[in-house]
Amino acid sequence: MLEWAPDIPPAWDVVNLKMLAKIFAGGTPDRKNADYWSDGTVPWLNSGSVNDWAISKPSELIAREALANGATRWAPKGSVLVALAGQGKTKGMAARLEINSTLNQSLAAIVPGISLDYRFLQYWLASNYLNIRGLAGGDLRDGLNLQHIGSIQVPRPPVEEQRAIADYLDHETAQIDAFIAKNEELIALLTERRSAVTAQAVTRGIDGSGALKDSGCEWLGRIPEDWEAVRVKFVARSLPGYAFASGDFVDDHAATRLLRGINVGVGTVSWAETVGVTDPPADVENRYRLDEGDLVLGMDRPVISGGLRLAPIAHGDAGALLVQRVLRLRGTRVRNDYLEYSLAWGGFAMYIEPDFTGVSVPHMSEQQVGKFTIALPDTPTQRRIVTHIREQHASIDAALETARQSIELMRERRAALISAAVTGKIDVGPPT
């Protein structure tokens, strides 16, 4: 009986993968030997290559001398590669190899024999991704090994039927993948549109039809002539967080929550990882208490792929205490919500990224934030702009959510289709 799919057709065999294929890992040439990595002609793959469903190009090229010294080995086209290690999603992923290539030691190459179609095998392995990861045990740090891969049970219909199933799935999944790709393109366009709405409103106004003047700032360009170009430090008060001792942190719902950099996302605060302190000193609590409407800015890695790690404090977040490496901003001459949009639209990232300090963890200072220049209209205009941005964002966000849900549904359909086909639930028949 097949453990991962006990109700396959009775005519199908069940065989351990090690009986149907050659299984081996590769190696990594010595990185200290520059001759191995310069002017190379031999394709070589790292474990990240399995993020491509079908591998058609190498991660790097190595010299033939590296291959000759036994640091790696060839896997032929028509193999299936499985990632053996990785704390993220990589471990357990399977990809089909469409070129001859060498590979590193974190990849298992599976070279099927004549009774196993490599595309059918990949679909079977992909449909059991979580099961494969589980072979290494419950600790995400534990890697897979070649014995784990060899022990995987594989359903084996006649090879002609395997090919028919693979042909069917190649056709059907290609259509699903095309649909997903179009929705991902739509998401990218909508995300760009969302940023453009913000940028237009906080640098040119809602309609951008008035007379303009030079702001004197590269990231602002020309602004409405009745607006000011003013540095943040002149319109808002800033406060870096308090250096609580990590030894005082407690995991207690009754404790006072601490807002750390890890809690600050793009536009939102997350309490997925929460620590607190008990009985903080009164002066510390009074000074570093967060109020609803405050802005918090993560000062380490402030710019990430989704934007700026800047968020408003919502009603449910109020009362938390500010921790070092997070900056609190409170507007004096500027509305906090207008200041949020003035920092988040992209100009701040252009301003700050060239001046990041730190190599492994890029970070910025309170002084750098204070020197950033924003375009500042009068308070009634700020209010109208904030309302306009929120209305536009609401419409765009609804479209984004629809596109994301469509992608999720199609991914679920793709997974269900593959599982059904490789376990004999869909009769695709032999090729005619």
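From a predicted model like this one, the values you see are computed outputs, not experimental measurements. Heavy-atom basis, side chains included; hydrogens, waters and symmetry copies ignored.
- Legend: residues meeting side chain to side chain donor-acceptor pair (under 3.5 Å) with Asp397, ordered by chain and number and at least two apart, are Arg194.
- The side-chain hydrogen bond (donor to acceptor under 3.5 Å, both in side chains) contacts involving residues 320-346 comprise Glu228-Arg333, Asp291-Arg330, Asp294-Arg330, Asp300-Arg325, Arg335-Asp337, where partners must be two or more places apart or lie in separate chains.
- Residues Leu146 and Leu84 are in side-chain contact: their nearest non-hydrogen atoms beyond the backbone lie under 4.5 Å apart.
- No side-chain donor-acceptor contact under 3.5 Å links Asn104 to the backbone of Gly27.
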Using side-chain contact (heavy atoms from CB on, under 4.5 Å), reason through Val154 and Asn16 one step at a time and then give a plain yes or no. CA-CA 6 Å; Val154 178; Asn16 282 1; over 6 Å; no
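- Remark: the backbone N or O of Pro43 is paired with a side-chain donor or acceptor of Thr102 at under 3.5 angstrom.
- Screening residues 173-184 for salt bridge (Lys or Arg N to Asp or Glu O under 4.0 Å) gives Asp177-Arg414, Glu184-Arg411 as the qualifying pairs, with residues at least two apart or on separate chains.
- Looking at Arg222 and Thr203, their side chains never come closer than 4.5 Å, going by heavy atoms from C-beta outward.
- Looking at heavy atoms from C-beta onward, Thr381 lies in side-chain contact with Trp227 at the 4.5 angstrom threshold.
- The backbone N or O of Gly221 lies less than 3.5 Å from a partner atom in the side chain of Ser215, making a donor-acceptor pair.
- Applying the side-chain hydrogen bond (donor to acceptor under 3.5 Å, both in side chains) rule to pairs touching residues 144-157 yields Asp13-Arg156, Ser115-Arg156, Asn145-His148, sequence neighbours excluded.
- By the side chain to side chain contact (heavy atoms under 4.5 Å, CB included) test, Glu401 is found to be paired with Gln405, residues two or more places apart in sequence or in another chain being considered.
- Among residues two or more places apart in sequence or in another chain, the side chain to side chain contact (heavy atoms under 4.5 Å, CB included) test is passed with Glu60 by Arg31, Trp37, Trp44.
- Here the side chains of Leu103 and Leu97 are not in contact, with every heavy-atom distance at 4.5 Å or above.
- Contact of the Leu329 side chain with the Leu327 side chain is registered, since non-hydrogen atoms from C-beta on lie closer than 4.5 Å.
- With sequence neighbours excluded, no residue satisfies side chain to side chain donor-acceptor pair (under 3.5 Å) with Arg231.
- With sequence neighbours excluded, the residues satisfying side chain to side chain contact (heavy atoms under 4.5 Å, CB included) with Pro155 are Leu2, Ile8, Trp12, Phe120, Trp124.
- Not counting sequence neighbours, Ala181 has no partner by the side chain to side chain contact (heavy atoms under 4.5 Å, CB included) test.
- Here the CH2-OG distance, from Trp74 to Ser79, works out to 12.0 Å after rounding to the nearest 0.5 Å.
- Heavy atoms only, all atoms of each residue included: Met364 and Pro302 are closest at CE-CB, 3.6 Å.
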Would Val197 and Gln392 satisfy side-chain contact (heavy atoms from CB on, under 4.5 Å), going step by step from the backbone distance to the final call? CA-CA 7 Å; Val197 164; Gln392 294 295 308; 3.6 Å; yes
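- By the salt bridge (charged side-chain N to carboxylate O under 4.0 Å, His left out) test, Asp317 is found to be paired with no residue, residues two or more places apart in sequence or in another chain being considered.
- To the nearest 0.5 Å, the span separating CD on Glu172 from CG on Asp167 amounts to 11.5 Å.
- Taking the six-membered ring for Trp and thresholds of 30 and 60 degrees, Phe372 and Phe348 have ring planes more than 60 degrees apart, a perpendicular arrangement.
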Assess the residue pair His253 and Thr274 against the criterion (side chain to side chain donor-acceptor pair (under 3.5 Å)); give the C-alpha distance rounded to whole Å, side-chain angles, the decisive distance to 0.1 Å, and a yes or no. CA-CA 9 Å; His253 293 298; Thr274 306; over 6 Å; no
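- Contact annotation: the side chain of Leu321 approaches that of Leu258 to within less than 4.5 Å [non-hydrogen atoms, C-beta and beyond].
- Here the CD1 atom belonging to Ile180 is positioned 9.5 Å from the OG1 atom belonging to Thr173, to the nearest 0.5 angstrom.
- Listed by chain and residue number, nothing satisfies the salt bridge (charged side-chain N to carboxylate O under 4.0 Å, His left out) test with Arg309 (two or more places apart in sequence, or in another chain).
- Checked by atom type and distance alone, the side chain of Gln162 pairs as donor or acceptor with a backbone atom of Pro157 at under 3.5 Å.
- For Glu412, the CD atom is densely surrounded, since the number of other residues' heavy atoms within 6.0 Å is greater than 12.
- In this structure, the separation between CD1 on Ile152 and CD on Glu3 is 11.0 Å, given to the nearest 0.5 Å.
- A donor-acceptor contact shorter than 3.5 Å links the side chain of Ser38 to the backbone of Ala34.
- Checking Glu366 against Ser238 by side-chain atom types alone, a donor-acceptor pair falls below 3.5 Å.
- Looking at Tyr129, its side chain does come within 3.5 Å of a backbone N or O of Lys89 through a donor-acceptor pair.
- Considering only residues two or more places apart in sequence or on other chains, Glu408 meets the side chain to side chain donor-acceptor pair (under 3.5 Å) condition with none of them.
- Under the 4.5 Å side-chain criterion, counting only non-hydrogen atoms from C-beta, Leu310 is not in contact with Val264.
- Atom CG in Asn46 sits 10.0 Å away from atom CD in Gln105 (nearest 0.5 Å).
- In the model, Asp30 has no side-chain atom that pairs as donor or acceptor with a side-chain atom of Asn33 under 3.5 Å.
- Closest approach of Ile223 and Ala375 over heavy atoms only: CG2-CB, 3.9 Å.
- Between Trp53 and Tyr123, the distance separating the two ring centers is shorter than 6.0 angstrom.
- Residue Asp251 qualifies as open at atom CG: its count of foreign heavy atoms under 6.0 Å is 12 or below.
- Between the side chain of Tyr351 and the backbone N or O of Gln368 there is at least one donor-acceptor pair closer than 3.5 Å.
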Evaluation steps, side-chain contact (heavy atoms from CB on, under 4.5 Å), between Leu107 and Leu45: CA-CA 8 Å; Leu107 289 172; Leu45 299 169; 4.0 Å; yes
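- For Lys425, the NZ atom is densely surrounded, since the number of other residues' heavy atoms within 6.0 Å is greater than 12.
- Judged by distance alone, with hydrogens and angles left aside, the side-chain atoms of Asn263 form no donor-acceptor pair with the main-chain N or O of Trp271 at under 3.5 Å.
- Looking at heavy atoms from C-beta onward, Leu17 lies in side-chain contact with Leu121 at the 4.5 angstrom threshold.
- No side-chain donor-acceptor contact under 3.5 Å links Arg390 and Thr387.
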Start with the C-alpha distance between Ile374 and Val232, add both sets of side-chain angles, then the distance that settles side-chain contact (heavy atoms from CB on, under 4.5 Å), and finish with yes or no. CA-CA 7 Å; Ile374 66 171; Val232 168; 4.0 Å; yes
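- Side chain of Asp117 to main chain of Arg119: a donor-acceptor pair is present (N/O by atom type, distance under 3.5 Å, no hydrogens or angles).
- Taken from CG in Asp207 to CD in Gln200, the straight-line distance is 8.0 Å, to the nearest 0.5 Å.
- In this structure, Met350 places its CE atom where more than 12 heavy-atom neighbours from other residues, nucleotides or ligands lie under 6.0 Å away.
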